[in-house]
Protein chains: 2
Amino acid sequence: METTYLREQLAAKGLKVTHQRLCVLEAIHTLHNHPTADQILEHIRPTFPTIATGTVYKVLDTLVENGLVMRVQNDKDVMRYDADVEHQHHHVYCKDCDAIGDYKNEELDHLLSDFFATHQIPGFSIDSIRLHIHGRYTEGIPSNHIQDPS
Amino acid sequence: METTYLREQLAAKGLKVTHQRLCVLEAIHTLHNHPTADQILEHIRPTFPTIATGTVYKVLDTLVENGLVMRVQNDKDVMRYDADVEHQHHHVYCKDCDAIGDYKNEELDHLLSDFFATHQIPGFSIDSIRLHIHGRYTEGIPSNHIQDPS
DNA sequence: GTATGTGCAAACTTTTTGCACTTCG
DNA sequence: CGAAGTGCAAAAAGTTTGCACATAC
């Protein structure tokens, strides 16, 4: 993966561009299946065996705090991470496998923002709305990719 | 709290009606703020000091498996529990405090079911859809109660 | 009576922490 | 050079497990 973009992402937030941070970012982008901290570590170790577990957690915290990565999680699972913070999207949770897929649809997003524009929640200011779509993949392997069938 | 209803809930699922299960169910209903396992324990201990931690976790698992209780969770938090499984509702997450409120609106639910009736997700069958509404409470204490301002 | 549930304590998993050392800018 | 980041290893936090004992039905 080209790291120029990742370096820029870090620099733009005033974060130091370290080898560890690049590796973690790159891992989440590559393992686009909403990886766990452990999967991120396993992905990095072959090429960077000395990276510390604690470092990965600290880097993940920093990335989340700076909005470069999002936390995602199942009801019954470890924390997982999503590097796609650019495109507003929702998540699809399979009850059988532990896959978390992406779901994107602009029509839906308009529907939601229209709805909440006219239905404010008293005493609460909304930052973002995310659908958790629960169910089952019916045919084999989940694609885990954004779909916008508009 | 009247336990007759709780006893019936358990019996209806073919579960044995034990003191421990009643206490846990009662606690989640009473602590309507989506309590953690720990808060449930603290609520029970004064009147039932000998209940074991492991038991509470086992009871919670059983209740979730049988659909009497739902898991709810913040991005950065312990597991929490919700005893309102009757009324389809969504959750409101405050970024400042760790309150999780309820949001209920039938118009919204119709909007969503209409949308997904005409926009199936290929290879996926939907069981339920839940909004995670992120933002901040702007005025003091969150009410944490269902609102349906229709 | 018997299947089911509970208590207990030990163990496991995931994540956090503190501090000396290193690195980026 | 100095502030920010990392490695390490220990420990916290939350949850699970196994097995003898107890209880609901």
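So that the names make sense, note that chain A is the first sequence line, chain B the second, and so on, each numbered from 1. Just so it is clear, the structure is predicted and the values come from calculations on it, not from any experiment.
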Sequence neighbours left out, what passes side-chain contact (heavy atoms from CB on, under 4.5 Å) with [X]? Give chain and number order.
X        : answer
A:Met79  : A:Arg71, A:Gln73, A:Tyr81
B:Gln88  : B:His90, B:Asp109, B:Arg130
A:Asp114 : none
A:Thr4   : A:Glu2, A:Glu8

Distance in Å, A:Asp127 CG paired with B:Ile133 CD1, rounded so as to fall on 0.5 Å steps: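 These two atoms lie 12.0 Å from each other.
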Interatomic distance, [X] [atom1] vs [N] [atom2] [rounded to whole Å]:
X       : N      : atom1 : atom2 : answer
A:Met79 : C:dT13 : CE    : C1'   : 14 Å
A:Glu8  : C:dG25 : CD    : C1'   : 17 Å
B:Gln73 : C:dT14 : CD    : P     : 14 Å
B:Lys13 : C:dG5  : NZ    : P     : 15 Å
B:Leu25 : C:dG5  : CG    : P     : 14 Å

Contacting residues from residues 48-63 of chain A, given that a heavy atom lies under 4.0 angstrom of DNA chain D: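 When residues 48-63 of chain A is checked for heavy atoms under 4.0 Å from DNA chain D, the hits, listed by number, are A:Phe48, A:Thr50, A:Ile51, A:Ala52, A:Thr55, A:Lys58, A:Val59.
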Please list, by residue number, the residues of residues 39-47 of chain A whose heavy atoms come closer than 4.0 Å to an atom of DNA chain D; answer none if no residue qualifies.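 None - not one residue of the stretch has a heavy atom sitting under 4.0 Å from the strand.
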For [X], check salt bridge (charged side-chain N to carboxylate O under 4.0 Å, His left out) against everything at least two apart and list the hits.
X       : answer
B:Asp98 : none
A:Asp38 : none
A:Lys16 : none

Who else is in the cluster with A:Val85 when I, L, V, M, F, W and Y are joined by side-chain contacts under 4.5 Å?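 Members besides A:Val85, by chain and number: A:Met70.
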Cut-off 3.5 Å, side chains only: do B:Asp82 and B:His91 have a donor facing an acceptor?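 Yes, because at least one side-chain N or O of B:Asp82 sits under 3.5 Å from a partner of the opposite role on B:His91.
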Indicate whether the side chain of A:His34 and that of A:Asp102 have a donor and an acceptor atom separated by less than 3.5 Å.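 Their side chains do contain a donor-acceptor pair, which is all the 3.5 Å distance test asks for.
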Using rotation axes that map the C1' atoms of four end pairs onto the next four (five pairs an end), what angle separates the end axes of the helix from C:dG1-D:dC25 to C:dG25-D:dC1, to 10°?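 End axes: 50° apart.
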I'd like the 5' and 3' limits of the part of DNA chain D contacted by chain B, with heavy-atom contacts below 4.0 Å.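 Listed 5' to 3', the contact boundaries are D:dG14 to D:dC25.
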Quick one: does A:His32's side chain have a donor or acceptor within less than 3.5 Å of a partner on A:Ile28's backbone?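 No, A:His32 side chain to A:Ile28 backbone: no donor-acceptor pair under 3.5 Å.
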On DNA chain D, does the nearest nucleotide to B:Val78 precede the nearest nucleotide to B:Val17 from the 5' side, or the other way round? Give the residue.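 Looking at DNA chain D, the more 5' nearest nucleotide goes with B:Val78.
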Have a look at A:Tyr103 and tell me which of B:Phe116, B:Phe124, B:Phe115 forms a ring-ring contact (aromatic ring centres under 6.0 Å, His included) with it.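 Only match with A:Tyr103 under ring-ring contact (aromatic ring centres under 6.0 Å, His included): B:Phe116.
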